[in-house]
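A quick note: this is a predicted structure, and the numbers were derived from the prediction, not measured.
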Amino acid sequence: MNILVTGGAGYIGSHTCLQLLRAGHEIVVVDNLINANEEAVRRVQKLAGKSFPFYQFDLCDGNRLDEVFTHHTFDGVIHFAGLKAVGESVSIPLRYYGNNLNSTITLCRVMARHNVKRLIFSSSATVYQPGSPMPVNEDAALGCTNPYGWTKFMCEQILRDIAAADPTWSVVLLRYFNPIGADESGLIGEDPSGIPNNLMPYITQTALGRLEKFSVFGDDYDTPDGTGVRDYIHVVDLAQGHMDALAYATQHTGSVAINLGTGVGYSVLDIVRAFEKVNDVKVPYQIAPRRPGDVATVYADPRKAKQLLNWQAEKNLEDMCRDSWRWQSMNPKGFAEA
Ligand code: NAD
Ligand code: UD1
């Protein structure tokens, strides 16, 4: 298939591009590099042994996007582009609503104009109302606690409405849990700019010695060891989920929301111990107060992905810890070094 990948230079996008190319698809990437480095695109091309067109511009620019759709024929779009830092979204909400909603609306307008109506959207477990029963399934109540989450919630609603109004659309809303890990080559991986937001980059940067120690946010939760429990999923498994969603979208119309998680929860200390063991490195930590907004436990009910997509996560925690560390230790400064 010919696939447009928005945000394809980013963490999850770059891994998905690599798998698309390896599976024989043709891709075109649009990314404004607001949170990515063109080196990721070059490395995906190197790993796949195949080049593809890359356009650097803001997806909110409908004219530029229209030109891309005029030059290329697409069978579908995987839409990763978006801003994703929860804390930043609380401080500068307009930037988040502006970027994440406008880019999605502009994309859908241009798609409709060119009669491309197959879309895979990056949503998040963050759309589930805090306090939902675990494991959380796709029918759980929705509701968010921060502007980033609301942008995902609103984009989901917009896409459901588009698919309801025009039954020729096919929309798959993929709700990711906590992606970590990297391609086995160690050549592409997560490269957060500035201070990381998520757990694994803190762990790898501490293991590197760049941070003296990292803080475990709370050890008094109602969990087996008191630290927060999450559903960590290998980014390569996640990328495969997009391929399977694309195949599903060729056979079905309408809209559907699907969790991409493993169904297994690990605590912060489980991750630290597994990381230290599999990589034979020390990760000093201190117990710190709970992070505002955090909940004790989040993990997926992944059965719908198995039923509809025949997808399930294949990689385990050791794979995730080993591959995260290989990427970080081979690229201590991320893509900037190149
Ligand atoms: P990322 O920041 O690495 O990738 C997003 C990419 O989109 C970046 O390369 C960025 O430069 C690009 N981008 C942003 N706004 C753009 C715009 N207006 N025009 C063109 N390009 C733009 O993030 P990621 O971790 O790869 O996440 C991909 C998607 O998955 C995002 O939508 C994110 O919200 C969602 N998601 C991520 C996680 C996670 O933990 N990583 C979890 C759930 C959902
Ligand atoms: C975060 C986002 C959420 C997003 C999800 C997946 C917040 C508030 N939420 O959630 O919107 O969908 O990532 O990308 O940012 N932890 C530490 N020390 C650290 C960092 C994290 O102990 O330095 C703990 C957290 O308290 C949590 C776990 O590690 O228990 C995972 O944290 P994180 O990676 O930030 O993901 P989420 O909190 O699940």
Side-chain angles (χ1 to χ4, degrees), residues 5 7-23 27 29 31 33-52 54 56 80 84-85 176 178-214 230 232-240 242 262 266 268 270-285 313-338:
V5 185
Y11 172 45
I12 305 168
S14 57
H15 287 82
T16 305
C17 285
L18 181 56
Q19 282 193 31
L20 287 164
L21 292 168
R22 284 181 172 156
I27 65 169
V29 168
D31 195 304
L33 301 182
I34 191 120
N35 194 39
N37 190 309
E38 198 173 346
E39 178 63 13
V41 173
R42 286 191 283 273
R43 292 195 185 178
V44 167
Q45 297 187 337
K46 184 176 164 196
L47 284 167
K50 203 168 161 183
S51 67
F52 54 82
F54 167 63
Q56 185 186 341
F80 292 105
K84 64 163 183 176
Y176 315 153
N178 291 56
I180 59 174
D183 184 66
E184 269 189 5
S185 64
L187 288 180
I188 55 173
E190 184 171 14
D191 183 21
S193 50
I195 300 165
N197 294 290
N198 299 115
L199 178 64
M200 187 51 89
Y202 268 107
I203 291 182
T204 56
Q205 295 195 12
T206 307
L208 269 184
R210 203 189 293 170
L211 304 169
E212 196 189 320
K213 53 187 157 189
F214 90 97
R230 296 291 184 273
Y232 296 93
I233 173 170
H234 199 295
V235 67
V236 169
D237 280 334
L238 198 61
Q240 181 60 43
H242 292 75
T262 64
Y266 287 110
V268 176
D270 288 334
I271 303 289
V272 173
R273 289 197 196 101
F275 189 93
E276 291 189 328
K277 189 167 172 220
V278 73
N279 296 315
D280 197 20
V281 286
K282 280 312 242 186
V283 185
Y285 66 85
E314 301 291 343
K315 293 184 179 273
N316 62 27
L317 183 57
E318 283 69 35
D319 299 323
M320 299 187 222
C321 290
R322 194 183 44 245
D323 294 340
S324 294
W325 180 234
R326 190 187 295 108
W327 151 252
Q328 185 74 85
S329 51
M330 282 171 65
N331 305 270
K333 293 183 182 145
F335 293 114
E337 225 151 6

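Minimum heavy-atom separation, A313 to T262: CB-CG2, 3.7 Å. Minimum heavy-atom separation, L317 to D270: CD2-O, 4.2 Å. Summarising the geometry of A182 relative to D323, their closest heavy-atom pair is O-CB, 3.3 Å, with the distance given to 0.1 Å. Of all heavy-atom pairs between S329 and L208, the closest is CA-CD2, 4.4 Å. In terms of heavy-atom proximity, E314 sits nearest to D237 at N-OD2, 3.0 Å.
By the ring-ring contact (aromatic ring centres under 6.0 Å, His included) test, Y232 pairs with no residue at all, sequence neighbours left out. Partners of H234 under the ring-ring contact (aromatic ring centres under 6.0 Å, His included) rule, at least two apart in sequence or in another chain, do not exist in this structure. Judged as a ring-ring contact (aromatic ring centres under 6.0 Å, His included), and not counting sequence neighbours, Y285 has no contacts.
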Check residues 8-17 and write down every donor-acceptor pair under 3.5 Å in which the side-chain atom is one partner and the other belongs to a residue at least two apart or another chain.
| residue | atom | partner | partner atom | Å |
| --- | --- | --- | --- | --- |
| Y11 | OH | I180 | O | 3.2 |
| Y11 | OH | G181 | N | 3.4 |
| Y11 | OH | G181 | O | 2.8 |
| S14 | OG | G10 | O | 2.7 |
| S14 | OG | Y11 | O | 3.1 |
| H15 | ND1 | Y11 | O | 2.8 |
| H15 | NE2 | D183 | N | 2.9 |
| T16 | OG1 | I12 | O | 2.9 |

Please report, to 0.1 Å, the donor-acceptor pairs under 3.5 Å made by any side chain of residues 187-197, with sequence neighbours excluded.
| residue | atom | partner | partner atom | Å |
| --- | --- | --- | --- | --- |
| D191 | OD2 | F335 | N | 3.1 |
| S193 | OG | N35 | OD1 | 3.2 |

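A donor-acceptor contact shorter than 3.5 Å is absent between the side chain of E39 and the backbone of A336. In this structure, the side chain of Q19 engages the main chain of V236 through a donor-acceptor pair within 3.5 Å. Between the N316 side chain and the D319 main chain, a donor and an acceptor come within less than 3.5 Å of each other.
Screening residues 272-282 for side-chain hydrogen bond (donor to acceptor under 3.5 Å, both in side chains) gives no qualifying pairs among residues at least two apart or on separate chains.
A donor atom on one side chain and an acceptor atom on the other are found under 3.5 Å apart for N331 and R43.
In this structure, CD1 in I203 is found 11.0 Å from CG in L211, a value given to the nearest 0.5 Å. To the nearest 0.5 Å, atoms CZ (R326) and CD (E184) are separated by 6.0 Å. Rounding to the nearest 0.5 Å gives a distance of 7.5 Å between CG of L18 and OG of S185.
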Evaluate C321 against M200 for side chain to side chain contact (heavy atoms under 4.5 Å, CB included), listing each step before the verdict. CA-CA 8 Å; C321 290; M200 187 51 89; 4.2 Å; yes
Applying side chain to side chain contact (heavy atoms under 4.5 Å, CB included) to Y176 and I233, what does each step give before you reach the verdict? CA-CA 8 Å; Y176 315 153; I233 173 170; 5.7 Å; no
Is there a side chain to side chain contact (heavy atoms under 4.5 Å, CB included) between V268 and L199 once you walk through the steps? CA-CA 8 Å; V268 176; L199 178 64; 4.0 Å; yes
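In this structure, F80 and D31 have side chains that are not in contact, with every pair of non-hydrogen atoms separated by 4.5 Å or more. Annotation: side chain of F52 is in contact with side chain of V29 (closest heavy-atom distance under 4.5 Å).
Using cut-offs of 30° and 60° for the angle between ring planes, the W325 and F275 rings count as perpendicular.
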